[in-house]
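To find a chain, count down the sequence lines: A is the first, B the second, and so on, and within it residues start at 1.
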Amino acid sequence: MSSIGTGYDLSASTFSPDGRVFQVEYAMKAVENSSTAIGIRCKDGIVFGVEKLVLSKLYEQGSNKRIFNIDRHVGMAVAGLLADARSLAEVAREEASNFRSNYGHDIPLKHLSDRVAMYVHAYTLYSAVRPFGCSFILGSYDKDDGPQLYMVDPSGISYGYWGCAIGKAKQAAKTEIEKLQMKDMTCRELVKEVAKIIYIVHDEVKDKAFELELSWVGEVTNGRHELVPKDVREEAEKYAKDSLEEEDDSDEDNM
Amino acid sequence: MEKRCLDSGVKGVSTGTTILAAIFDGGVVIGSDSRASIGGEYVSSKTINKVIQVHDQIFCCMAGSLADAQAVTKAAKFHLSLHSIQMETPPLVISAASVLKDLCYKNKEELQAGFITAGWDTKKGPQVYVVSLGGMLHSQPVTIGGSGSTYIYGYVDAKYKPKMSREECLQFATNALALAMGRDNVSGGVAHLVVITETGVEHVVVPGNKLPKFHDE
(Lines give C-alpha, C1' and ligand atoms only; values in the text may rest on other atoms or scores of the structure.)
Protein backbone atom coordinates (compact mmCIF):
# COMPACT_ATOMS: atom_id res chain seq x y z
CA MET A 1 0.00 0.00 0.00
CA SER A 2 2.45 2.64 1.13
CA SER A 3 6.16 2.63 0.42
CA ILE A 4 8.52 1.97 3.30
CA GLY A 5 11.16 4.66 3.67
CA THR A 6 13.83 2.42 5.09
CA GLY A 7 16.43 4.51 6.83
CA TYR A 8 15.10 7.84 5.55
CA ASP A 9 12.09 7.93 7.80
CA LEU A 10 13.70 8.07 11.21
CA SER A 11 13.54 11.80 11.73
CA ALA A 12 11.80 14.82 10.28
CA SER A 13 15.15 16.39 9.47
CA THR A 14 15.90 13.83 6.74
CA PHE A 15 14.78 13.89 3.11
CA SER A 16 14.39 10.63 1.21
CA PRO A 17 16.15 10.28 -2.17
CA ASP A 18 12.88 11.02 -3.95
CA GLY A 19 12.40 14.25 -2.04
CA ARG A 20 9.87 13.22 0.60
CA VAL A 21 9.88 13.79 4.34
CA PHE A 22 8.47 10.49 5.59
CA GLN A 23 7.81 11.61 9.15
CA VAL A 24 5.37 14.21 7.88
CA GLU A 25 3.64 11.62 5.69
CA TYR A 26 3.38 9.23 8.63
CA ALA A 27 1.84 12.05 10.64
CA MET A 28 -0.82 12.41 7.95
CA LYS A 29 -1.46 8.65 8.26
CA ALA A 30 -2.24 9.23 11.92
CA VAL A 31 -4.94 11.69 10.85
CA GLU A 32 -6.39 9.16 8.43
CA ASN A 33 -6.85 6.68 11.27
CA SER A 34 -9.12 9.06 13.14
CA SER A 35 -12.84 9.47 12.60
CA THR A 36 -14.14 12.03 10.14
CA ALA A 37 -14.58 15.75 10.65
CA ILE A 38 -16.03 18.10 8.04
CA GLY A 39 -16.43 21.85 7.72
CA ILE A 40 -18.55 23.63 5.11
CA ARG A 41 -18.89 27.33 4.31
CA CYS A 42 -22.22 28.67 3.14
CA LYS A 43 -23.36 32.14 2.22
CA ASP A 44 -23.94 33.33 5.79
CA GLY A 45 -21.75 31.13 8.01
CA ILE A 46 -19.79 27.94 8.68
CA VAL A 47 -21.00 24.56 9.93
CA PHE A 48 -18.74 21.88 11.47
CA GLY A 49 -19.70 18.23 11.86
CA VAL A 50 -17.65 15.56 13.62
CA GLU A 51 -18.24 11.82 13.75
CA LYS A 52 -17.23 11.10 17.34
CA LEU A 53 -16.76 7.35 17.77
CA VAL A 54 -17.95 6.16 21.15
CA LEU A 55 -15.53 3.51 22.32
CA SER A 56 -17.23 2.72 25.60
CA LYS A 57 -20.77 2.90 26.97
CA LEU A 58 -19.30 4.36 30.13
CA TYR A 59 -18.34 7.64 28.46
CA GLU A 60 -20.32 10.66 29.57
CA GLN A 61 -22.36 12.04 26.70
CA GLY A 62 -20.87 15.21 25.27
CA SER A 63 -17.40 14.61 26.69
CA ASN A 64 -14.23 14.20 24.63
CA LYS A 65 -15.09 17.15 22.42
CA ARG A 66 -13.53 17.41 19.00
CA ILE A 67 -14.70 20.95 18.28
CA PHE A 68 -13.03 23.82 20.13
CA ASN A 69 -13.67 27.51 20.56
CA ILE A 70 -10.56 29.46 19.65
CA ASP A 71 -12.06 32.90 20.03
CA ARG A 72 -15.59 34.24 20.17
CA HIS A 73 -15.87 34.20 16.41
CA VAL A 74 -13.55 31.24 15.57
CA GLY A 75 -14.17 27.51 15.85
CA MET A 76 -11.85 24.56 15.22
CA ALA A 77 -12.72 20.96 14.35
CA VAL A 78 -9.92 18.40 14.64
CA ALA A 79 -8.96 14.93 13.49
CA GLY A 80 -5.93 12.83 14.42
CA LEU A 81 -4.09 12.50 17.71
CA LEU A 82 -6.39 14.34 20.10
CA ALA A 83 -3.69 15.32 22.56
CA ASP A 84 -1.74 17.02 19.77
CA ALA A 85 -4.92 18.72 18.63
CA ARG A 86 -5.70 20.05 22.09
CA SER A 87 -2.27 21.60 22.49
CA LEU A 88 -2.62 23.24 19.06
CA ALA A 89 -6.00 24.61 20.10
CA GLU A 90 -4.22 26.29 23.04
CA VAL A 91 -1.62 27.72 20.66
CA ALA A 92 -4.36 29.08 18.41
CA ARG A 93 -6.15 30.59 21.41
CA GLU A 94 -3.02 32.39 22.52
CA GLU A 95 -2.40 33.74 19.02
CA ALA A 96 -5.93 35.07 18.78
CA SER A 97 -5.79 36.56 22.26
CA ASN A 98 -2.41 38.24 21.73
CA PHE A 99 -3.59 39.68 18.45
CA ARG A 100 -6.61 41.26 20.08
CA SER A 101 -4.46 42.61 22.89
CA ASN A 102 -1.92 44.12 20.47
CA TYR A 103 -4.16 45.40 17.70
CA GLY A 104 -7.50 46.03 19.33
CA HIS A 105 -9.72 43.90 17.06
CA ASP A 106 -10.70 40.29 16.27
CA ILE A 107 -8.02 38.29 14.48
CA PRO A 108 -8.82 37.72 10.78
CA LEU A 109 -9.03 33.98 10.11
CA LYS A 110 -6.46 33.90 7.32
CA HIS A 111 -3.88 35.46 9.63
CA LEU A 112 -4.68 33.05 12.48
CA SER A 113 -4.51 30.11 10.11
CA ASP A 114 -1.13 31.31 8.75
CA ARG A 115 0.28 31.73 12.24
CA VAL A 116 -0.84 28.30 13.50
CA ALA A 117 0.30 26.68 10.26
CA MET A 118 3.75 28.26 10.75
CA TYR A 119 3.84 26.78 14.25
CA VAL A 120 2.87 23.31 12.96
CA HIS A 121 5.47 23.65 10.19
CA ALA A 122 8.23 24.42 12.71
CA TYR A 123 7.81 20.95 14.17
CA THR A 124 8.55 19.38 10.78
CA LEU A 125 12.07 20.80 10.65
CA TYR A 126 13.96 19.14 13.50
CA SER A 127 14.92 15.66 14.55
CA ALA A 128 14.48 16.47 18.22
CA VAL A 129 10.70 16.77 17.92
CA ARG A 130 8.02 14.93 15.98
CA PRO A 131 5.44 16.57 13.72
CA PHE A 132 1.91 17.11 15.07
CA GLY A 133 -0.30 14.14 14.25
CA CYS A 134 -3.47 16.09 13.62
CA SER A 135 -5.23 18.15 10.97
CA PHE A 136 -7.74 20.79 11.82
CA ILE A 137 -10.35 22.97 10.18
CA LEU A 138 -10.74 26.57 11.32
CA GLY A 139 -13.90 28.54 10.63
CA SER A 140 -15.07 32.02 11.47
CA TYR A 141 -17.72 34.59 10.62
CA ASP A 142 -17.33 38.35 10.53
CA LYS A 143 -19.99 40.72 9.29
CA ASP A 144 -17.54 42.59 7.07
CA ASP A 145 -15.42 39.72 5.71
CA GLY A 146 -18.19 37.10 5.79
CA PRO A 147 -17.63 33.41 6.53
CA GLN A 148 -14.11 31.95 6.16
CA LEU A 149 -12.89 28.33 6.29
CA TYR A 150 -9.25 27.17 6.44
CA MET A 151 -7.70 23.75 6.89
CA VAL A 152 -4.21 23.04 8.29
CA ASP A 153 -2.49 19.68 7.91
CA PRO A 154 0.59 18.20 9.68
CA SER A 155 2.96 19.53 7.02
CA GLY A 156 2.04 23.08 7.97
CA ILE A 157 0.13 24.00 4.82
CA SER A 158 -3.08 25.98 5.12
CA TYR A 159 -5.64 26.45 2.37
CA GLY A 160 -8.97 28.26 2.25
CA TYR A 161 -11.99 26.14 1.37
CA TRP A 162 -15.71 26.19 0.67
CA GLY A 163 -15.89 22.66 2.06
CA CYS A 164 -13.34 20.19 3.39
CA ALA A 165 -13.09 16.87 5.17
CA ILE A 166 -10.39 15.21 7.29
CA GLY A 167 -10.12 11.75 8.84
CA LYS A 168 -10.80 8.22 7.71
CA ALA A 169 -13.77 8.85 5.42
CA LYS A 170 -12.51 12.08 3.92
CA GLN A 171 -12.73 10.87 0.32
CA ALA A 172 -16.34 9.75 0.68
CA ALA A 173 -17.19 12.94 2.56
CA LYS A 174 -15.55 15.11 -0.11
CA THR A 175 -17.66 13.41 -2.78
CA GLU A 176 -20.82 14.20 -0.82
CA ILE A 177 -19.72 17.77 -0.13
CA GLU A 178 -19.07 18.39 -3.82
CA LYS A 179 -22.70 17.57 -4.55
CA LEU A 180 -23.88 20.50 -2.42
CA GLN A 181 -24.53 24.02 -3.70
CA MET A 182 -23.19 25.55 -0.52
CA LYS A 183 -22.80 29.07 -1.89
CA ASP A 184 -26.59 29.39 -2.04
CA MET A 185 -27.42 27.73 1.27
CA THR A 186 -28.02 29.24 4.68
CA CYS A 187 -26.64 27.77 7.92
CA ARG A 188 -29.99 26.28 8.90
CA GLU A 189 -30.21 24.33 5.64
CA LEU A 190 -26.53 23.39 5.77
CA VAL A 191 -26.68 21.97 9.30
CA LYS A 192 -29.05 19.24 8.10
CA GLU A 193 -26.84 18.41 5.12
CA VAL A 194 -23.74 18.20 7.32
CA ALA A 195 -25.50 15.76 9.65
CA LYS A 196 -26.58 13.73 6.64
CA ILE A 197 -23.03 13.54 5.28
CA ILE A 198 -21.64 12.33 8.60
CA TYR A 199 -24.33 9.66 8.79
CA ILE A 200 -23.61 8.60 5.18
CA VAL A 201 -19.84 8.24 5.66
CA HIS A 202 -20.09 6.50 9.01
CA ASP A 203 -19.13 2.85 8.66
CA GLU A 204 -21.73 0.80 10.57
CA VAL A 205 -19.74 -2.40 10.22
CA LYS A 206 -16.30 -1.34 11.42
CA ASP A 207 -17.29 1.32 13.96
CA LYS A 208 -20.34 0.83 16.10
CA ALA A 209 -21.83 3.70 18.02
CA PHE A 210 -21.03 7.29 17.30
CA GLU A 211 -22.04 10.68 18.56
CA LEU A 212 -22.54 13.55 16.15
CA GLU A 213 -20.95 16.80 17.27
CA LEU A 214 -22.29 19.81 15.38
CA SER A 215 -21.31 23.44 15.71
CA TRP A 216 -21.82 26.61 13.73
CA VAL A 217 -20.85 30.25 13.48
CA GLY A 218 -22.57 32.79 11.29
CA GLU A 219 -25.30 35.35 11.00
CA VAL A 220 -27.61 32.90 12.77
CA THR A 221 -25.43 33.09 15.90
CA ASN A 222 -24.51 36.78 15.53
CA GLY A 223 -20.92 35.88 14.78
CA ARG A 224 -20.34 33.71 17.86
CA HIS A 225 -19.07 30.16 17.45
CA GLU A 226 -21.20 27.73 19.46
CA LEU A 227 -22.48 24.16 19.51
CA VAL A 228 -25.71 23.83 17.61
CA PRO A 229 -28.74 24.06 19.97
CA LYS A 230 -30.41 20.79 20.99
CA ASP A 231 -33.58 21.25 18.93
CA VAL A 232 -31.67 22.11 15.74
CA ARG A 233 -29.36 19.16 16.27
CA GLU A 234 -32.26 16.75 16.80
CA GLU A 235 -33.97 18.05 13.67
CA ALA A 236 -30.74 17.63 11.69
CA GLU A 237 -30.19 14.09 12.96
CA LYS A 238 -33.78 13.16 12.15
CA TYR A 239 -33.33 14.52 8.62
CA ALA A 240 -30.10 12.56 8.28
CA LYS A 241 -31.61 9.28 9.50
CA ASP A 242 -34.72 9.73 7.32
CA SER A 243 -32.60 10.42 4.22
CA LEU A 244 -30.58 7.27 4.82
CA GLU A 245 -33.74 5.18 5.17
CA GLU A 246 -35.11 6.62 1.93
CA GLU A 247 -31.98 5.60 0.12
CA ASP A 248 -32.22 2.10 1.59
CA ASP A 249 -35.88 1.88 0.50
CA SER A 250 -35.13 3.04 -3.05
CA ASP A 251 -32.40 0.38 -3.27
CA GLU A 252 -34.97 -2.28 -2.38
CA ASP A 253 -37.39 -0.98 -5.04
CA ASN A 254 -34.74 -1.22 -7.70
CA MET A 255 -34.18 -4.84 -6.86
CA MET B 1 14.68 78.54 36.83
CA GLU B 2 12.66 77.05 39.67
CA LYS B 3 9.44 77.19 37.74
CA ARG B 4 11.06 75.34 34.84
CA CYS B 5 12.38 72.59 37.12
CA LEU B 6 9.01 72.17 38.78
CA ASP B 7 7.23 71.90 35.43
CA SER B 8 9.54 69.29 33.97
CA GLY B 9 9.81 67.33 37.21
CA VAL B 10 6.08 66.70 37.66
CA LYS B 11 4.81 63.73 35.64
CA GLY B 12 1.73 64.40 33.62
CA VAL B 13 2.47 68.01 32.77
CA SER B 14 1.99 68.55 29.06
CA THR B 15 4.62 70.72 27.45
CA GLY B 16 3.87 73.38 24.88
CA THR B 17 1.44 72.17 22.25
CA THR B 18 -2.07 72.42 20.96
CA ILE B 19 -3.37 69.37 19.10
CA LEU B 20 -6.82 68.36 18.01
CA ALA B 21 -8.81 65.98 15.85
CA ALA B 22 -12.45 65.98 14.81
CA ILE B 23 -14.68 63.67 12.76
CA PHE B 24 -16.87 65.17 10.05
CA ASP B 25 -19.28 63.62 7.59
CA GLY B 26 -17.03 61.40 5.46
CA GLY B 27 -13.66 61.99 7.08
CA VAL B 28 -11.56 63.36 9.88
CA VAL B 29 -9.45 66.49 10.41
CA ILE B 30 -6.33 66.30 12.57
CA GLY B 31 -4.21 69.34 13.36
CA SER B 32 -1.61 70.97 15.55
CA ASP B 33 0.40 74.12 16.11
CA SER B 34 4.08 74.24 15.19
CA ARG B 35 5.96 75.60 18.19
CA ALA B 36 8.59 73.67 20.13
CA SER B 37 9.76 75.33 23.32
CA ILE B 38 12.27 74.74 26.08
CA GLY B 39 11.15 75.55 29.60
CA GLY B 40 8.41 77.84 28.40
CA GLU B 41 10.88 80.60 27.67
CA TYR B 42 12.77 79.84 24.48
CA VAL B 43 11.16 78.86 21.20
CA SER B 44 13.46 76.20 19.80
CA SER B 45 11.47 75.76 16.59
CA LYS B 46 8.73 77.86 14.99
CA THR B 47 7.83 75.33 12.32
CA ILE B 48 8.04 71.86 13.79
CA ASN B 49 5.64 69.26 12.39
CA LYS B 50 3.74 67.47 15.10
CA VAL B 51 1.38 65.62 12.76
CA ILE B 52 3.10 62.36 11.84
CA GLN B 53 1.94 59.89 9.22
CA VAL B 54 2.04 56.34 10.63
CA HIS B 55 0.36 54.76 7.61
CA ASP B 56 -1.27 55.77 4.31
CA GLN B 57 -4.48 56.97 5.88
CA ILE B 58 -3.59 57.11 9.57
CA PHE B 59 -1.94 60.12 11.24
CA CYS B 60 -1.10 60.96 14.80
CA CYS B 61 -0.35 64.11 16.75
CA MET B 62 2.29 64.20 19.44
CA ALA B 63 2.02 65.80 22.84
CA GLY B 64 4.35 65.84 25.81
CA SER B 65 8.09 65.38 25.41
CA LEU B 66 8.71 65.63 21.67
CA ALA B 67 11.76 63.36 21.88
CA ASP B 68 9.72 60.58 23.50
CA ALA B 69 6.86 61.11 21.07
CA GLN B 70 9.12 60.93 18.03
CA ALA B 71 10.76 57.73 19.27
CA VAL B 72 7.38 56.12 19.92
CA THR B 73 5.91 57.11 16.54
CA LYS B 74 8.98 55.77 14.73
CA ALA B 75 8.56 52.41 16.48
CA ALA B 76 4.82 52.40 15.81
CA LYS B 77 5.34 53.21 12.12
CA PHE B 78 7.69 50.23 11.72
CA HIS B 79 5.36 47.93 13.60
CA LEU B 80 2.31 48.96 11.57
CA SER B 81 4.09 48.65 8.27
CA LEU B 82 5.11 45.05 9.08
CA HIS B 83 1.61 44.29 10.38
CA SER B 84 -0.06 45.60 7.25
CA ILE B 85 2.21 43.53 4.99
CA GLN B 86 1.49 40.36 7.00
CA MET B 87 -2.25 41.01 6.95
CA GLU B 88 -2.22 41.96 3.24
CA THR B 89 -4.54 44.84 4.03
CA PRO B 90 -4.12 48.41 5.36
CA PRO B 91 -4.19 48.48 9.17
CA LEU B 92 -7.30 49.58 11.01
CA VAL B 93 -7.12 52.89 12.87
CA ILE B 94 -7.76 51.02 16.11
CA SER B 95 -4.72 48.84 15.42
CA ALA B 96 -2.52 51.92 15.03
CA ALA B 97 -3.92 53.37 18.24
CA SER B 98 -3.46 50.03 20.07
CA VAL B 99 0.18 49.81 18.98
CA LEU B 100 0.83 53.32 20.33
CA LYS B 101 -1.08 52.50 23.50
CA ASP B 102 1.01 49.39 24.13
CA LEU B 103 4.24 51.33 23.73
CA CYS B 104 3.02 54.09 26.07
CA TYR B 105 1.59 51.71 28.68
CA LYS B 106 4.49 49.27 28.83
CA ASN B 107 7.07 52.03 29.07
CA LYS B 108 5.08 54.42 31.20
CA GLU B 109 7.89 54.85 33.74
CA GLU B 110 10.33 56.20 31.16
CA LEU B 111 8.06 58.02 28.72
CA GLN B 112 6.15 61.26 28.81
CA ALA B 113 4.18 61.18 25.58
CA GLY B 114 0.53 61.22 24.60
CA PHE B 115 -1.10 60.98 21.18
CA ILE B 116 -4.19 61.71 19.20
CA THR B 117 -4.59 59.15 16.41
CA ALA B 118 -6.97 59.83 13.56
CA GLY B 119 -7.58 58.10 10.27
CA TRP B 120 -9.87 56.32 7.89
CA ASP B 121 -10.31 52.56 7.37
CA THR B 122 -12.70 50.37 5.41
CA LYS B 123 -14.28 48.77 8.47
CA LYS B 124 -15.41 51.77 10.53
CA GLY B 125 -14.70 54.78 8.35
CA PRO B 126 -13.32 57.93 10.02
CA GLN B 127 -12.20 57.52 13.64
CA VAL B 128 -10.34 59.45 16.35
CA TYR B 129 -8.54 57.79 19.29
CA VAL B 130 -6.79 59.37 22.26
CA VAL B 131 -3.84 57.67 23.92
CA SER B 132 -3.10 59.52 27.14
CA LEU B 133 0.18 59.71 29.05
CA GLY B 134 -0.20 56.49 31.07
CA GLY B 135 -1.45 54.47 28.11
CA MET B 136 -5.24 54.72 28.27
CA LEU B 137 -6.96 54.24 24.90
CA HIS B 138 -10.25 55.98 24.27
CA SER B 139 -12.35 56.70 21.19
CA GLN B 140 -14.04 60.08 20.77
CA PRO B 141 -15.64 62.05 17.92
CA VAL B 142 -13.65 65.19 18.77
CA THR B 143 -10.67 65.62 21.04
CA ILE B 144 -8.07 68.22 21.99
CA GLY B 145 -4.75 67.93 23.79
CA GLY B 146 -1.62 69.72 24.87
CA SER B 147 -1.15 72.76 27.07
CA GLY B 148 -3.06 75.03 24.69
CA SER B 149 -6.12 72.83 24.80
CA THR B 150 -7.17 74.15 28.20
CA TYR B 151 -8.08 77.50 26.60
CA ILE B 152 -10.41 76.03 24.01
CA TYR B 153 -12.49 73.43 25.85
CA GLY B 154 -15.40 75.87 25.93
CA TYR B 155 -15.10 76.68 22.24
CA VAL B 156 -14.89 73.01 21.22
CA ASP B 157 -17.78 71.95 23.46
CA ALA B 158 -19.97 74.75 22.10
CA LYS B 159 -19.03 74.71 18.43
CA TYR B 160 -18.46 71.05 17.53
CA LYS B 161 -21.38 69.37 15.79
CA PRO B 162 -21.42 65.81 14.50
CA LYS B 163 -21.74 65.32 10.72
CA MET B 164 -20.32 68.71 9.73
CA SER B 165 -19.20 69.22 6.17
CA ARG B 166 -15.51 69.21 5.29
CA GLU B 167 -15.34 73.01 5.02
CA GLU B 168 -17.21 73.57 8.28
CA CYS B 169 -14.92 71.16 10.09
CA LEU B 170 -11.76 72.73 8.65
CA GLN B 171 -12.98 76.15 9.74
CA PHE B 172 -13.82 74.80 13.20
CA ALA B 173 -10.36 73.25 13.56
CA THR B 174 -8.56 76.36 12.31
CA ASN B 175 -10.52 78.59 14.67
CA ALA B 176 -9.84 76.31 17.62
CA LEU B 177 -6.10 76.23 16.93
CA ALA B 178 -5.99 79.98 16.40
CA LEU B 179 -7.75 80.66 19.71
CA ALA B 180 -5.44 78.31 21.59
CA MET B 181 -2.31 79.71 19.98
CA GLY B 182 -3.53 83.21 20.80
CA ARG B 183 -3.70 82.54 24.54
CA ASP B 184 -1.08 79.84 25.19
CA ASN B 185 2.47 81.19 25.13
CA VAL B 186 3.98 77.79 24.33
CA SER B 187 1.73 77.17 21.32
CA GLY B 188 2.10 79.11 18.11
CA GLY B 189 3.61 79.31 14.66
CA VAL B 190 1.55 77.88 11.81
CA ALA B 191 -1.49 75.63 11.95
CA HIS B 192 -0.82 72.22 10.40
CA LEU B 193 -4.02 70.46 9.37
CA VAL B 194 -4.51 67.12 7.64
CA VAL B 195 -7.84 66.05 6.15
CA ILE B 196 -8.26 62.27 5.78
CA THR B 197 -11.12 60.77 3.77
CA GLU B 198 -11.84 57.58 1.89
CA THR B 199 -10.20 58.99 -1.24
CA GLY B 200 -6.99 60.16 0.38
CA VAL B 201 -5.09 62.66 2.41
CA GLU B 202 -4.80 66.46 2.07
CA HIS B 203 -2.42 68.73 3.96
CA VAL B 204 -3.52 72.27 4.75
CA VAL B 205 -1.05 74.74 6.27
CA VAL B 206 -2.32 78.05 7.59
CA PRO B 207 0.55 80.49 8.26
CA GLY B 208 0.43 82.60 11.43
CA ASN B 209 -0.61 85.80 9.70
CA LYS B 210 -3.46 84.08 7.84
CA LEU B 211 -5.03 82.60 10.97
CA PRO B 212 -8.50 83.91 11.85
CA LYS B 213 -8.29 86.94 14.11
CA PHE B 214 -10.57 87.36 17.05
CA HIS B 215 -11.58 90.66 18.56
CA ASP B 216 -8.72 90.92 21.03
CA GLU B 217 -6.06 91.21 18.30
TODO: Could you tell me which portion of A:D144 (side chain, backbone, both or neither) has an atom closer than 4.5 angstrom to a non-hydrogen atom of chain B?
DONE: side chain
Task: Region of A:K143 that comes under 4.5 Å of a non-hydrogen atom in chain B - done: neither
Basic-acidic side-chain contact under 4.0 Å: [X], [Y]:
X      : Y      : result
A:D106 : A:R100 : yes
B:R35  : B:D33  : no
A:K29  : A:E32  : no

- [ ] Applying ring-ring contact (aromatic ring centres under 6.0 Å, His included), run through A:H225 and A:Y141 and close with a yes or a no.
- [x] CA-CA 8 Å; A:H225 174 255; A:Y141 177 79; over 10 Å; no
TODO: Sort B:L92 into side chain, backbone, both or neither according to what part of it lies under 4.5 angstrom from a heavy atom of chain A.
DONE: side chain
TODO: Among the options B:A96, B:S98, B:A97, pick out the one with the most heavy-atom pairs lying under 4.5 Å from chain A.
DONE: B:S98
